[in-house]
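Working notes, beginning with the structure itself.
Chain A is the first sequence line, chain B the second, and so forth, proteins listed ahead of strands; every chain is numbered from 1. In this text the structure is predicted, and so the values were computed from the model without any measurement.
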Amino acid sequence: MSQQTDTPQGGGAPEATPQTMQLGAARGGFLSQLRVTLARRTEGRGLALLTVVVIAAAILEPVVFTSYQVTLGRVALIGLVALGLTAVILMGELDLSVASTLAVSGVVMASIPDIWLGVLAALATGLIIGAINAFFVVVVGINSFIATLGMLFALRGLAFVLSDEEPVRLSNIDAGIAFGTPLLGPLTPRVLLFIAAFIALQIFLSRVKAGREFYAVGGNRQAAMDAGIPVRRRIFTGFMISGFVAALAGVINTLERTAADPTAGSTVLLASFAAAIIGGVLLNGGRGSVLGTLIGALALGILQVSLTLSGVQVDIQDIFIGVILLLAVITDPANLRAALAGVRSSFRSREKAQTPV
Amino acid sequence: MTPVTSESAQTVIEASGIVKRFGGAVAVDDVSLCVAEGEIHAVVGENGAGKSTLMRILAGILTPDAGTVTVGGATLEGGAKSAIDAGIALVHQELSLVPEMTVAENIMLGSPPTALGFTKSKELKRIAAAALEEIGVSVDLDEPIARLSVSLRQFVEIARAVARSPRVLILDEPTATLTPAETDYLLTMLQRLAAKGMAIIYISHRIPEVFSICTDVTILRDGKLVETTAISETTSSAVIDAMVGRELKLDLQVTRESHPGEVVLSATGIRAVGVHDVDLTVRAGEIVGLGGLVGAGRTELVRAIVGADPRSAGQVTMTVDGVTTTIGGYQSAVKAGIGYVPEERRTDGLALTMTVSDNVALPNRRALSTAGVLAFGAITKFVRNLADVVGLRPPEIQREVGQYSGGNQQKVVIAKWLGRKPKLIILDEPTRGVDVGAKAEIHRLVRELADEGAAVLVVSSDLPELLELSDVIHVVRDGRIQGTLPRAEADEKTVMSLASGETMVSA
Amino acid sequence: MATKESLTEAIAVAGSPASGGIEKKKFSPLLWIAENGVIVFTIALILFAVIFVNGFASLPNITDVFYRAAPIGIVAVGMTFVVISANYLDLSVVAQVATAAVIMIGISNEYGLLAGFAVATLVAMLYGIVNGVAVGFFKANAVIVTLSTTFIGLGVLRWLSGGSIFFGPEDGPIRAFGQASLGPVPASALLLIVITVILWFVLNRTTFGFAVRAYGSNKEATRLAGVNTTLVVIGAFVITALAAMIGGFALAAFSNTAVSSMSDGYEFRALAAIIIGGTSVFGGKGSVLRTLLGVIFVSVLTNILVLSGIGFGFQQMAIGALIVVAVSVDALARRAAKK
Amino acid sequence: DAETPDAGGSGEETFEVYALLPQGTDQPYGTTYLPPFEETAEELGLNLTITNSQYDADAQASECEVAVAAAPDLIILWPAVGDTVRPCLAAASAAGIPVTVTNSDVNPEDKDLTEAYSGPDTYGQGVSSAEIMCDLADGEEIGILVVNGLTGNSTAINRNAGFVDTVEANCPNVTILAEQPGNWNKDDSQIAVSEMLTAVGPENVDGIYAADDTMVAGAIDALKARDIDPEPLYITSIGNTFLGNPLVVSGELDGTVFQSSSWDGENAARLAHAVLTGADYEENLFMPSVKVTAENADDPSVAPEW
Ligand SMILES: Nc1ncnc2c1ncn2[C@@H]1O[C@H](COP(=O)(O)OP(=O)(O)OP(=O)(O)O)[C@@H](O)[C@H]1O
Ligand SMILES: Nc1ncnc2c1ncn2[C@@H]1O[C@H](COP(=O)(O)OP(=O)(O)OP(=O)(O)O)[C@@H](O)[C@H]1O
Ligand SMILES: [Mg+2]
Ligand SMILES: [Mg+2]
């Protein structure tokens, strides 16, 4: 993009007074329209990483794609919680308690003999946890980072207490095993639920009034309040979505494993954050999409599966994932451009600095 | 149409006995206000007089500690939603838009058309477009707010208010970010809306505006109601005296003897985003003004000059005591003796959660420390001194800057740089949203600086201010200097015609 | 000031001071509680323990509390710099502490303590600079950057050390440090106090610390005040890394062993202490002294729970609940004081 | 017929094998388990792909799916969480992939889906350590402290169960005064033991059981830090590691249970090979739970390995 040319307001305001003020950007041709549209999307970096990962995997470990149901399973594992988390992050809040929520809801479910009752109780647990988080944030008025950090510890403790510090087996193991088998073509219920959750959240956040307003709550909270948006209710909704989705992940994991593990989810929190942020969701809120999170989860999932398949030593795998993550965040185009421009101008000043006349 | 007199017209909104405290401080103290259909009611007062607080109470955003608001006879329950439903629309002083959302979405924020909870996006755009058309501004509905200029955002916010077809339209300093032409446009528009029967409450620090369109004026001072009178029964100097509570000697027309010295700043061939090949020099003891419409690229130009934003081409040098330094990055500009007072003082100029003392000490921290260790005694003395110089009120340097009014905040930003005895000071909109008293003080400071030999570069959209301060004015349009006017040749008309591109005058 | 006389004279004309609507601060007990929540809570907890918990006030137990507090405390006071600079937290302290511990024991065994310190310091600097450059220069998100460096750091550590457990000789200097004490106060706790004082000084009394606080309050305004903000961020991460290195040393010295998994959970435990101390996660506000109090609070609490024979699950619940309660009381008191 | 593979010598044939482990070079045990495992496998012609789920059951389940999809000749499983592996076993069995188990066994009801197990008997280790304790107590009424492994971890759970069950059955005269997790760490154990001493009063403590040698070393340090001589106390643990063995020799640790990582790793590969080649194998190949006390601590057969 050249920097010197075309400012959007080029059309100019020859005479500003009478009927209309022509301040807006004139609509350009298709290409500039496309460029504008792309500039408005937030998923670019995630997409770039995904492309790199897909190409690398296609060359090095094509099994990743031939056994795509496995890959999808891993993506769903990483991505489900991240989807719920996205709703909260979009509002400029955080939920550090998702992994613990996952563990508690799994234990609740496995402790109840009837499987359907267990599922309902687990999902209700997630909703309640979300409501408690929101209560502290909205009613008591403490920062969500802190409230959910407290819940991270408290709920993990609760999972241990409820499970007596041991894994709890499902009473109906067969149901669990059945749940883990493909339902629609090669797709397991986990993958189908993941897709359903994605579609539901995508529609909610892009089409439904309440969901659209999450962006306002995160983008400028004062403006949202001034405009009469029920900000508190939106925050409640967001945390309850996050809690519900984490509980859903707990239910799925428990069913698939046929047991609830109170230590479950140790890697969920950070992987979810990574997926969302790689996908372009801004931690300060207001910017991002669940589509971005999906892309982030796809990139991470494919990367992990191909590394597992490659059989590389785990230490090296970790180093690899770390380097890729690091490269992905430091090459955010906007940041990179600013950083390089900064270097250039400071070099320019050094060249000729302090020349007496 | 109903004749525009408050007696006969129907009262739309009435606030009585409003009290609002923040902590111990009383921001609004037993104020009553009554506005009728078709009336344009001005509310004026110094910075911190309580104007915005009162308006936020009318709009249901703040709950008063005492008093009631009634609209069309019905008492408001409180809450932004119920005020909006009752037909009150507020255009905020600090822009109240969501940067990542589009123009259309912002216009319909909080009340988009829906079906079963789903937003009807076609309908949404249609209403938004209609609102923009109503106020006569055209802008891409799908553009995110973050990509718009400040003035355009202001109009989007007005469009939002209008889109709700309010009975009461409140505008809190809407013209602070507008150019004279845009201001005229807005004022005409308000008169048109009032003629349709809308009740309008209008806040401004610019007294001439008040006298040109308003029917009544309410004056606040220190949170208290001083008086409400019909415009026809008062004069601007009476209003100003009532606002300030003392007789203010406004020598706005002073002309300064300028004795320009050597060239201090020399910028050649500057190119950056929105800036095209600009040459500019500023001499010691000279005040150079940059005029133009909002969005002309003046902010970009000065930011490129000081290196706050990257340049794509061009050379900037500072010459001090015969030594020439090339300015590259921003830090080299500061080192070379440039002080930069940015346009957005709250986001770019101040660390609002820190104290006055911290803010002023920050750019001077090297001078106020030995071997990297801060000398607190020296800092206190230094900052007290500067607070005194700029006339900070109250002069409590250990208070958080965020608690000060806009005018005082601006004084703090200026004080930051005064301490470094800048060889060149660049001020971008130094008095935007600043009350008359503080404005006069800032103007004096600027002149004093120049008299003492500093080079000064001022960006201002306030034409009288620009004409009053500058020794020479460069008019900027589309990122280029369109013409240069020495003080003798500059008047509102010549500047405006250059700014809007009607004529070309070569310097 | 050369400009002073002339300018003040001019301004004197503007006349009487009009109030900006700001009133004199009145003393409010609620606000005092809100601002000093940790102190009140910590004192209350200690009083409670002294009265109701058997053995709490005994000398050996006080030593245990210090042992609990020392390594995590050193890490937390260091990480306070990253939190104050509005960069959330440094997840990679987990890798930094373990790496430092393994290097201290592993290299000291072979080449002596000094070499161990030298290598550990170099590695800490490397962590600080990589994190700092990625966050400060490339403006990348600190959570993800430090997550990446955790992966890389632990990966490299395990790859090179093979995940083995390292232990030092019984008569080595590290062991000696680990066992040294001044009365009931172990050397590692003294180290914690010394580091807290040093870092307090750096944060509150030096131009660098000043710039860190200013940066945390408003990045852009700090940059436009002429501060090299990239260096500020790098500095904050380097200080965090150096503290984590020393924390790793204290941890290794305490048990005279080092293994790559020994600091699991340190990132959130340190953050919990910082937050309980009252440092804002939005940056700008906070202090290392408060973090120290936060660490003491959590250590005393854990100690009380273990003394009372409470199981691990309940311990976690109690810590979580107290984080929330402590901060809630703070928030509610603040709100009540405003009324 | 002459073309059958055994005619050409089974040493030449290579097999694809996935090894799903929950630890590797991130833990001391895994670090010394892996080399003999990999060497033996190479020697026997097993082409290994090793994963490390770091005790995350979900990660291991996903790795299992990957393994099943890759259709190897055999899967070696070291369960991250024993209760959660049935679906993995079911999937492997449905795909016709045999599974052998190493280090910690699956639940009894899942055994029919596996071919064989080699490794220590974690429950049995707890039993052995308890037996040493019971012998030491010799009918005397004593009180002891218990330090467990990482909360929720299978090995920690099984060892604790073995110890507690045996003490209850064999020597009810031994009373557990307090127990806390030591997270397999020396420093965590040291503080926990010191605090438990404060809680129950050092004079009431006659013995300590820790679930591994690293933690028992911490427990002994805790005693010494309080000027309590560990010698007269009855102290037992599990592992006989580089850290624990010298303590037995010096008499501070009264007894531990040998766990050989090299035996474990080597036999995991041997058993897999035997299953693949149809050779004879024991379905439950238990590592001998050798009790190590002052009498045999210097014996080369119990030289520590990790
Ligand atoms: N949220 C708040 N918390 C504490 N004090 C406040 C708050 N909002 C306003 N104030 C104080 O109330 C007083 C009135 O402020 P207000 O914004 O209403 O003044 P104003 O007349 O609109 O000034 P300006 O012309 O600068 O906009 C000021 O002293 C201000 O500092
Ligand atoms: N009509 C417009 N449409 C889109 N962007 C605009 C438009 N007008 C201005 N902008 C952008 O808005 C930003 C603000 O303009 P800028 O502040 O430089 O104007 P200025 O001349 O400094 O005016 P002022 O200082 O009076 O606000 C610039 O990035 C400019 O490119
Ligand atoms: Mg105002
Ligand atoms: Mg501007």
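Tested against D/Thr100 for a side-chain contact (heavy atoms from CB on, under 4.5 Å), the candidates D/Leu77, D/Leu74, D/Ile75, D/Leu276 yield a single pass: D/Leu74.
Although no hydrogens or angles enter the test, the distance criterion places no donor-acceptor pair under 3.5 Å between the side chain of D/Asn267 and the main chain of D/Arg270.
Proximity to chain A (any heavy atom under 4.5 Å) is shown, for D/Ala57, by both the backbone and the side chain. Of the atoms belonging to A/Ile78, not a single heavy atom falls under 4.5 Å from chain D. In this structure, the portions of A/Val70 lying under 4.5 Å from any heavy atom of chain D include both its backbone and its side chain. D/Ala80 does not touch chain A: none of its heavy atoms, backbone or side chain, sits under 4.5 Å away. Using a 4.5 Å cut-off between heavy atoms, A/Leu309 contacts chain D through both its backbone and its side chain.
Side-chain contact check for A/Leu155 versus A/Ile129: some heavy-atom pair is nearer than 4.5 Å. In this structure, the side chains of A/Leu298 and A/Val53 stay at 4.5 Å or more apart for every pair of heavy atoms. Side-chain contact between D/Glu115 and D/Leu271 is absent, with no heavy atoms from C-beta onward closer than 4.5 Å. The closest side-chain heavy-atom distance from A/Leu72 to A/Phe194 is not below 4.5 Å. The shortest side-chain heavy-atom distance between A/Leu192 and A/Leu183 falls under the 4.5 Å cut-off. Between D/Pro120 and D/Asn103 the shortest side-chain heavy-atom distance falls below 4.5 Å. In this structure, D/Ile144 and D/Val174 have side chains that are in contact, with non-hydrogen atoms separated by less than 4.5 Å.
For the options D/Val66, D/Ile50, D/Leu48, heavy-atom pairs under 4.5 Å to chain A are most numerous at D/Val66.
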Polar contacts chain D-chain A (donor-acceptor, d < 3.5 Å, no H, no angle):
unit_1	atom_1	unit_2	atom_2	d
D/Thr25	OG1	A/Asp315	OD1	2.8
D/Thr25	OG1	A/Asp315	OD2	2.7
D/Asp56	OD2	A/Thr267	OG1	3.0
D/Asp58	OD1	A/Asn253	ND2	3.4
D/Asp58	OD1	A/Arg257	NE	2.8
D/Asp58	OD1	A/Arg257	NH2	3.2
D/Asp58	OD2	A/Asn253	ND2	3.0
D/Ser62	OG	A/Arg74	NE	2.4
D/Ser62	OG	A/Arg74	NH2	3.1
D/Asp83	O	A/Arg169	NE	3.4
D/Asp83	O	A/Arg169	NH2	3.3
D/Asp83	OD1	A/Arg169	NE	3.4
D/Glu109	OE2	A/Arg169	NH1	2.6
D/Asp110	OD2	A/Arg169	NH2	2.8

